[in-house]
**Student:** 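Take a look at this one; I'll ask things after.
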Amino acid sequence: MIKISPSILSADFTKIFDAVKMLENAGADYIHCDVMDGSFVPNITFGQYMIRDLRKHTKLPLDVHLMINNPDKYIVEFADAGADIITVHAEATNHLDRSLQLIRSTGKKAGVSLNPHTPLSVLEYVLYNVDMVLLMSVNPGFGGQSFIDSSLDKARALRAMIQATGRDIDIEMDGGISAHNIKAVTDAGVNVIVAGNSVFSADNPADMIKTLKLL
Ligand code: DX5
Ligand code: ZN
């Protein structure tokens, strides 16, 4: 089953409640929350208090993508705020295994994200502690960028790597995904799709979510 995780990065932050209700009504599976610190990535977005307030208004799982350096400092706060899946970047933590253990110790699902240049080999000895791998298909920091085609080969290789472990691990892909390329992405073994710009810049965002779910 393919899941759609629309990114509220591309929503109007002054109308976030309306965006959440739209996502619920349209059948979104998760809400993707892009947390940026202005250090690991060039932009700054929002933090744990946004997650806390979203939590008050929706039962949809909050898929929290931490694009922050030293994420261990904040993992417990994001868990307490109501995140359901917490994803850290392999490039942003010195002790990836420890970060993943910390996420799991809060009872939340543990995700690890790789930038486009980061090889899959960093996952080899941590997959036992991972619920989801988030492959970046753009360089993180901005919505609305173009999809990097080599991400498809990477997804195929990751799917094979996961299958070899026999574990049930989701593959999420993030960046530049639209109705034009979603089929290629899911065919490559991805089962959780992030879509920001393609949803929120559509004439009818709710219809776009429904379209993406059918493709
Ligand atoms: C990029 C973020 C993405 C972004 C995806 O740094 O992690 O989640 O919002 O946006 P689109 O779908 O607009 O490429
Ligand atoms: Zn993201």
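We count ligands from 1, going down the list as the structure has it; atoms in each ligand are counted the same way.
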**Student:** Do Thr87 and Ser113 meet the criterion of a side-chain donor-acceptor pair at a distance under 3.5 Å?
**Tutor:**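 Thr87 vs Ser113: no donor-acceptor pair found between side chains.
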**Student:** Report, in ascending order of atom number, the atoms of ligand 1 lying under 4.0 Å from any heavy atom of Met36.
**Tutor:**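 Listed by number with element: 6 (O).
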**Student:** At less than 4.0 angstrom from any non-hydrogen atom of Ala195, what atoms of ligand 1 do you find?
**Tutor:**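 What qualifies from ligand 1 is 12 (O).
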**Student:** Give the atoms of ligand 1, by number and element, whose distance to some non-hydrogen atom of Asn197 is under 4.0 Å.
**Tutor:**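 Taking each heavy atom of Asn197 in turn, ligand 1 has 11 (P), 12 (O), 13 (O) under 4.0 Å.
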**Student:** Just wondering, are more than 12 heavy atoms of other shown residues or ligands nearer than 6.0 Å to OH in Tyr74?
**Tutor:**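 No, the 6.0 Å shell around OH holds no more than 12 heavy atoms from other groups.
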**Student:** Specify the protein heavy atom at minimum distance from atom 12 (O) of ligand 1: its residue, its atom name, and the distance to 0.1 Å.
**Tutor:**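 Going by distance alone, atom 12 (O) of ligand 1 is nearest to Gly196 N, 2.8 Å.
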**Student:** Suppose I only count heavy atoms of His65 and a 4.0 Å limit; which atoms of ligand 1 are within that range?
**Tutor:**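 Answer, ordered by atom number: 7 (O).
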**Student:** Within rounding of 10°, what is the angle whose vertex is the Zn ion (ligand 2) and whose arms end at OD2 of Asp174 and OD1 of Asp34?
**Tutor:**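 That angle is 170°.
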**Student:** Assess whether atom NZ of Lys109 is packed by more than 12 heavy atoms of other residues, nucleotides or ligands within 6.0 Å.
**Tutor:**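 No - once you tally the heavy atoms of other residues, nucleotides and ligands closer than 6.0 Å, there are 12 at most.
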**Student:** Can you list the atoms of ligand 1 that are under 4.0 Å from a heavy atom of Asp174?
**Tutor:**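 Counting atoms of ligand 1 from 1, those under 4.0 Å from Asp174 are 2 (C), 3 (C), 4 (C), 5 (C), 7 (O), 8 (O).
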**Student:** List every atom of ligand 1 that sits less than 4.0 Å from any heavy atom of His32, numbering the atoms from 1 in the order shown and giving each element.
**Tutor:**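 Answer for ligand 1: 8 (O).
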**Student:** Answer with side chain, backbone, both or neither: which part of Ser198 has a heavy atom less than 4.0 angstrom from an atom of ligand 1?
**Tutor:**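 Neither part.
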**Student:** For atom 6 (O) of ligand 1, state which one of Gly141, Gly176, Gly144, Pro6 supplies the nearest heavy atom.
**Tutor:**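 That would be Gly141.
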**Student:** Angle at the Zn ion (ligand 2) between ND1 of His65 and NE2 of His32, to 10°?
**Tutor:**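 Between ND1 of His65 and NE2 of His32, at the Zn ion (ligand 2), the angle is about 100°.
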**Student:** Only heavy atoms of Val194, strictly under 4.0 Å: list the atoms of ligand 1 that pass.
**Tutor:**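 By the 4.0 Å cutoff, the relevant atoms are 8 (O).
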**Student:** Is it the case that the side chains of Asn197 and Ser10 hold a donor-acceptor pair, with the cut-off being a distance below 3.5 Å and no angle test?
**Tutor:**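 No, Asn197 and Ser10 have no side-chain donor paired with an acceptor closer than 3.5 Å.
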**Student:** Considering the heavy atoms of Phe142, write down every atom of ligand 1 situated less than 4.0 Å from one of them.
**Tutor:**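 Every atom of ligand 1 under 4.0 Å from some heavy atom of Phe142: 1 (C), 6 (O).
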**Student:** Is there a donor-acceptor pair under 3.5 Å between the side chain of Lys213 and the backbone N or O of Gly27?
**Tutor:**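 Flag set: sc Lys213 to bb Gly27 pair under 3.5 Å.
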**Student:** Without hydrogens or angle criteria, can the side chains of His32 and Asp34 be said to hold a donor-acceptor pair below 3.5 Å?
**Tutor:**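 There is such a pair between these side chains.
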**Student:** How about Asn25: does its CG atom have over 12 heavy atoms from other parts shown lying under 6.0 Å from it?
**Tutor:**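 More than 12 heavy atoms, drawn from other residues, nucleotides or ligands, come within 6.0 Å of this atom.
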**Student:** For atom 10 (O) of ligand 1, find the nearest protein heavy atom and state the residue, atom name and distance (0.1 Å precision).
**Tutor:**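 For atom 10 (O) of ligand 1, the nearest protein heavy atom comes out as Gly143 CA, 3.8 Å.
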**Student:** I need the minimum non-hydrogen distance between Thr186 and Ile2, along with the two atoms involved.
**Tutor:**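 Shortest heavy-atom contact: CG2-CD1, 3.6 Å.
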**Student:** I need the contact type for Ser7 against ligand 1. Using non-hydrogen atoms and a strict under-4.0 Å cut-off, is it side chain, backbone, both or neither?
**Tutor:**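 Under 4.0 Å from ligand 1, Ser7 contributes side-chain atoms alone.
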**Student:** Taking everything shown except His57 itself, do over 12 heavy atoms lie less than 6.0 Å from its NE2?
**Tutor:**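 Yes - once you tally the heavy atoms of other residues, nucleotides and ligands closer than 6.0 Å, there are more than 12.
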**Student:** Evaluate the ring planes of His65 and His89, with Trp represented by its six-membered ring, and classify them as parallel (under 30°), tilted (30 to 60°) or perpendicular (over 60°).
**Tutor:**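 Parallel, since the angle between the ring planes stays under 30°.
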